[in-house]
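I have placed the structure first, in the form of structure tokens, so that the comments after it can refer back to it.
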Amino acid sequence: MGVPRRHEAPCFVVRPCRPADRGPGACLCRRFRPAFGGPARCDRLPADGGAIHELRLRAGGRGRHRRPPRLGEGRDEERLSGGVRAALPDHGGGQLHDAAHRLRVRRGAGGARPRRSERDRACGECQEPHGPGRADRGRGRLGPGHARTDGTGNHLPQIHGRARDLRRHRPARWRPVALPPDRRAVHLQRLHRSRQDALWLRLQAGAARQGWQAALSRPIRGGEARCWPKSPAGPREAPHRIAGVRVLAERIVIASDHAAVALKAALTNWLRDGGYDVEDLGPHDMNSVDYPDYGYRLARVIANGAADRGIAICGSGIGISIAVNREPACRCALVSEPLSARLAREHNNANVIALGARLTGEEMAKACISAFLGADFLGGRHAARVDQLSNPQLAKDPS
Ligand SMILES: O=C[C@H](O)[C@H](O)[C@H](O)COP(=O)(O)O
């Protein structure tokens with residue numbers, strides 16, 4: 001499908017529904033204000049993303065008389081113009097990949113598209129031009145638009161251009177993003193915090209079916225990478241973002257002792273099948289080893305930021321969890337059921353879970369890992385407590 005001509009372009013305003021919006025078969029969104037007319041319909045993504053609804057409003061008018069929406073209309077909703085179909089079931093899903101759909105996404109009431117001179121202007125932060133200006137001419141229309149910050153220092157480039165170009169110009173930090181089907185919904189639900197997340201949600205949902213993760217590993221071109229990360233917190237604390245869109249995939253390291261080699265292998269394959277970037281730190285045979293060696297190895301990788309989360313396994317899980325926890329940067333939770341695994345993330349910001357291969361079966365281990373990876377730290381009252389774990393001097397004497 002080619003790029004629809006401007007006056008033919010169906011006009012959508014899209015955002016993921018919030019839980020409160022959802023109803024059986026119909027979107028109950030009240031907050032949404034369409035740019036101009038059109039019925040609202042809430043589409044449910046196919047099975048693997050079934051928890052997410054999309055609100056889609058087709059603009060009023062017909063054919064060439066349909067007025068395309070202008071940026072800045074539609075209140076603070078994201079605007080996608082030009083036949084963005086993303087992973088909607090009535091379109092078969094995944095067609096974003098090969099269709100030359102043009103995306104134009106602006107945050108907030110952005111006003112008119114910037115003139116070329118504005119797009120060519122160097123970014124105030126990194127002094128690099130980000131717009132699809134002269135440098136990009138002839139290579140597609142992409143471009144992350146001029147970058148802004150989100151208030152925390154993260155660079156949030158606007159995105160406009162074609163979806164395929166968006167992927168081609170990914171920053172070097174982009175990683176494959178496929179998730180196990182049972183996790184995708186969880187993550188998608190968590191991703192509706194911003195409109196750009198919603199965009200990525202659709203890109204990702206389509207991509208997972210098309211298998212273009214491989215394309216993501218190509219070298220980067222374009223200027224985005226120079227903008228990332230800008231967070232003062234540094235890469236270890238900053239969320240992974242692609243052009244302002246949070247990335248789903250995480251780097252996971254897994255280690256065990258001889259008692260858990262088989263379980264480790266099964267879990268590694270399972271995670272890799274789900275698209276995770278998993279590194280097996282060993283051991284790779286059943287010869288007897290000492291669990292501290294592998295626990296410390298895993299802890300070092302987490303501590304130096306080379307991986308986001310870790311899975312440590314030994315016979316009971318006890319010994320290796322103790323070893324990992326000797327590294328102050330690690331918060332390792334020994335778990336044997338999913339609720340503990342989730343709470344370890346939500347309350348304790350655990351970045352490693354430990355499992356006992358002699359006590360916990362494979363399916364239960366997978367359930368624990370799913371709960372662990374699918375949960376986020378809640379912060380709030382828990383944040384100061386977690387800080388005290390890494391900095392015992394911050395703890396007060398309770399007496
Ligand atoms: O906490 C330690 C772990 O359970 C070890 O996997 C366990 O001690 C290994 O025991 P063994 O050398 O008898 O296999």
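Just follow the structure's listing: the first ligand is 1, and inside any ligand the first atom is 1. This one's a predicted model, so the numbers in the text were calculated from it and none came from an experiment.
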Side-chain contact test, heavy atoms from C-beta onward, threshold under 4.5 Å: evaluate it for I252 versus D277 and give yes or no. no
In terms of residue, atom name and distance, what is the protein heavy atom nearest to atom 8 (O) of ligand 1? Y291 CE2, 4.3 Å
Is the terminal nitrogen or CZ of R342 (NZ for Lys, CZ for Arg) located under 6.0 angstrom from the six-membered ring centre of F372 and within 45° of that ring's axis? no
Pick from I313, L334, I353, L355: which one makes a side chain to side chain contact (heavy atoms under 4.5 Å, CB included) with S321? L334
Among protein heavy atoms, which lies nearest atom 12 (O) of ligand 1, and at what distance? H258 NE2, 3.4 Å
Ligand 1 atoms in contact with G315 (distance to a heavy atom under 4.0 Å): 3 (C), 4 (O), 5 (C), 6 (O)
For atom 1 (O) of ligand 1, what is the nearest protein heavy atom, given as residue, atom name and distance? G319 N, 2.8 Å
Tell me whether D285 contacts the main-chain N or O of N287 through its side chain, where contact means a donor paired with an acceptor under 3.5 Å. yes
Would you sort out whether E279 and R251 count as a salt bridge (Lys or Arg N to Asp or Glu O under 4.0 Å), showing the intermediate values? CA-CA 8 Å; E279 186 176 359; R251 186 118 197 266; 2.9 Å; yes
OG of S336 to CG of L359, rounded to nearest 0.5 Å, is 8.0 Å
Ligand 1-proximal atoms of A259, by part, heavy-atom distance under 4.0 Å: side chain
For S316, the ligand 1 atoms with a heavy-atom partner under 4.0 Å come out as 1 (O), 2 (C), 3 (C), 4 (O)
Can you list the atoms of ligand 1 that are under 4.0 Å from a heavy atom of C314? 1 (O), 2 (C), 3 (C), 4 (O), 6 (O)
Atoms of ligand 1, numbered as shown, that sit under 4.0 Å from any heavy atom of D257: 5 (C), 6 (O)
Note the single closest protein heavy atom to atom 13 (O) of ligand 1, along with its residue, its atom name and the distance in Å. R358 NH1, 4.2 Å
Side-chain heavy-atom pair R331, N348 within 4.5 angstrom cut-off: no
